[in-house]
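Only one structure is covered here, and it is reproduced in the block below.
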Amino acid sequence: YSAGGPSNSGTFRDIQIIRSDTVAATLDVYDFLVYWNQKDNIRLRDQDIIKIDPYDKRVELVGNTKRTGLFELTEQETIQNLITYAGGFGNDAYTKRIKVIGNTETQKRIDDISYPEQNDFELSDGDSVSVGQVLNRFENRVEIEGAVFRPGDYELQDSTSLYSLIQRAEGLREDVFMNRGLI
């Protein structure tokens, strides 16, 4: 922290504390930040060396998660680990399809991940992961307008009829035109 942390190319996942030509500890900052695990938090001594190598695998996360940005993953970690590091999905996240854009040897590729069925999908360095948003529409809504006491949106149930909808809207007002209605 006092030295300003790792640079843009430095790892947060494999920081070594070298003491007397041996590795005294290996620190994974994500263990501390995400899981509050302090098992590798040792007291530094005079002449200790903090060695920060370049990162191995970094992915970008955008969209409807609680945290977005660049995340560093180890070789064994999957898209589930990435979602955990991001704090989980946002309240309007569309999780049926998570889009992953990455590179092959010659061109770009896109993968559609079904979550949680494919939560073991392994990401590659440079991948961009995008979590979409649920559609701004309803699957069970009916609207009533006009000369009713409580116009607006109501739940559409299997048993909903025009009569039951008017009853839920507190009935017809006195100024209603009874000869015609538009459905």
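Looking only at distances, a side-chain donor or acceptor of Arg168 sits under 3.5 Å from a matching main-chain atom of Glu155. Using a distance-only test at 3.5 Å, with no hydrogens or angles considered, a donor-acceptor pair links the side chain of Asn64 to the main chain of Gly132. The backbone N or O of Glu117 sits nowhere less than 3.5 Å from a side-chain atom of Ser114 that would complete a donor-acceptor pair. Using modelled atom types, one side-chain atom of Tyr30 and one backbone atom of Glu72 make a donor-acceptor pair closer than 3.5 Å. A donor-acceptor distance shorter than 3.5 angstrom exists from the side chain of Ser161 to the backbone of Ser164, with no hydrogens or angles considered. Distance alone, capped at 3.5 Å, places no donor-acceptor pair between the Arg58 side chain and the Leu70 backbone.
Here the shortest heavy-atom pairing between Ala24 and Arg19 reads CB-CB, 3.9 Å. The nearest pair of heavy atoms linking Thr68 to Gly63 is CG2-O, 3.5 Å. For the pair Ile42 and Ala25, the tightest heavy-atom approach, listed with the atom from each and the gap, is CD1-CB, 3.7 Å. Residues Ile110 and Arg97 share a closest heavy-atom pair of CD1-NH2, 4.4 Å. Scanning all heavy atoms of the two residues, the minimum distance from Leu73 to Thr78 falls at CD1-O, 4.5 Å. Listed here is the closest heavy atom pair of Thr65 and Arg67: OG1-O, 2.7 Å.
Remark: Phe121 CZ to Ile98 CD1 distance equals 10.5 Å, nearest 0.5 Å. Considering OG1 of Thr26 and NZ of Lys51, their distance stands at 10.0 Å, rounded to 0.5 Å. For the atom pair CZ of Arg45 and CZ of Arg43, the computed distance is 10.5 Å after rounding to the nearest 0.5 Å. Expressed to the nearest 0.5 Å, how far CD1 of Ile113 lies from CD1 of Ile79 amounts to 5.5 Å. Between the CD atom of Glu60 and the CZ atom of Phe71 there is a distance of 10.5 Å, given to the nearest 0.5 Å. To the nearest 0.5 angstrom, Lys57 atom NZ is 8.5 Å from Asp125 atom CG.
The side-chain heavy atoms of Val29 and Ile15, taken from C-beta on, include a pair separated by under 4.5 Å. By the 4.5 Å heavy-atom criterion applied to side chains, Ile18 and Asp48 are not counted as neighbours. The closest side-chain heavy-atom distance from Tyr115 to Phe89 is below 4.5 Å. Val23 places none of its side-chain heavy atoms less than 4.5 Å from the side chain of Ile17. In this structure, the side chains of Leu27 and Gln38 stay at 4.5 Å or more apart for every pair of heavy atoms. A heavy-atom distance below 4.5 Å is not found between the side chains of Asp56 and Thr11. The side-chain heavy atoms of Val62 and Val129, taken from C-beta on, include no pair separated by under 4.5 Å.
Ile83 and Val134 are members of different hydrophobic clusters when ILVMFWY side chains are connected at heavy-atom separations under 4.5 Å. Cluster annotation: Val59 is not connected to Ile101 through the hydrophobic network of ILVMFWY side chains, with a link wherever side-chain heavy atoms come within less than 4.5 Å. Linking Ile, Leu, Val, Met, Phe, Trp and Tyr whenever their side-chain heavy atoms come within less than 4.5 Å leaves Leu182 and Leu172 in two separate clusters. Under a hydrophobic-cluster definition in which Ile, Leu, Val, Met, Phe, Trp and Tyr are linked whenever side-chain heavy atoms come within less than 4.5 Å, directly or via other members, Leu156 and Phe138 are assigned to different clusters. There is no path of hydrophobic side-chain contacts, each under 4.5 Å, that joins Trp36 to Leu33.
Residue Asn136 qualifies as open at atom CG: its count of foreign heavy atoms under 6.0 Å is 12 or below. For CD1 of Ile50, the number of neighbouring non-hydrogen atoms (other residues, nucleotides, ligands) closer than 6.0 Å is 12 at most.
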Start with the C-alpha distance between Arg109 and Asp111, add both sets of side-chain angles, then the distance that settles side chain to side chain contact (heavy atoms under 4.5 Å, CB included), and finish with yes or no.
CA-CA 7 Å; Arg109 66 165 170 56; Asp111 293 298; 3.0 Å; yes
Before you tell me yes or no, could you show the steps for Glu77 and Glu75 under side chain to side chain contact (heavy atoms under 4.5 Å, CB included), namely the whole-Å CA-CA distance, both residues' side-chain angles and the distance that decides it to 0.1 Å?
CA-CA 6 Å; Glu77 292 180 325; Glu75 283 304 314; over 6 Å; no
Evaluate the criterion side chain to side chain contact (heavy atoms under 4.5 Å, CB included) for residue pair Val148 and Arg173; output intermediate values, then yes/no.
CA-CA 5 Å; Val148 292; Arg173 291 191 324 232; 5.8 Å; no
Please assess Val100 against Leu123 for the test side chain to side chain contact (heavy atoms under 4.5 Å, CB included), listing each intermediate value before the final yes or no.
CA-CA 8 Å; Val100 178; Leu123 299 164; 3.9 Å; yes
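Counting only residues at least two apart or on different chains, no ring-ring contact (aromatic ring centres under 6.0 Å, His included) pair has a member in residues 140-162. The salt bridge (Lys or Arg N to Asp or Glu O under 4.0 Å) contacts involving residues 130-143 comprise Arg141-Asp153, where partners must be two or more places apart or lie in separate chains. Judged as a salt bridge (Lys or Arg N to Asp or Glu O under 4.0 Å), the pairs with a partner in residues 20-37 (not counting sequence neighbours) are, in order, Arg13-Asp28.
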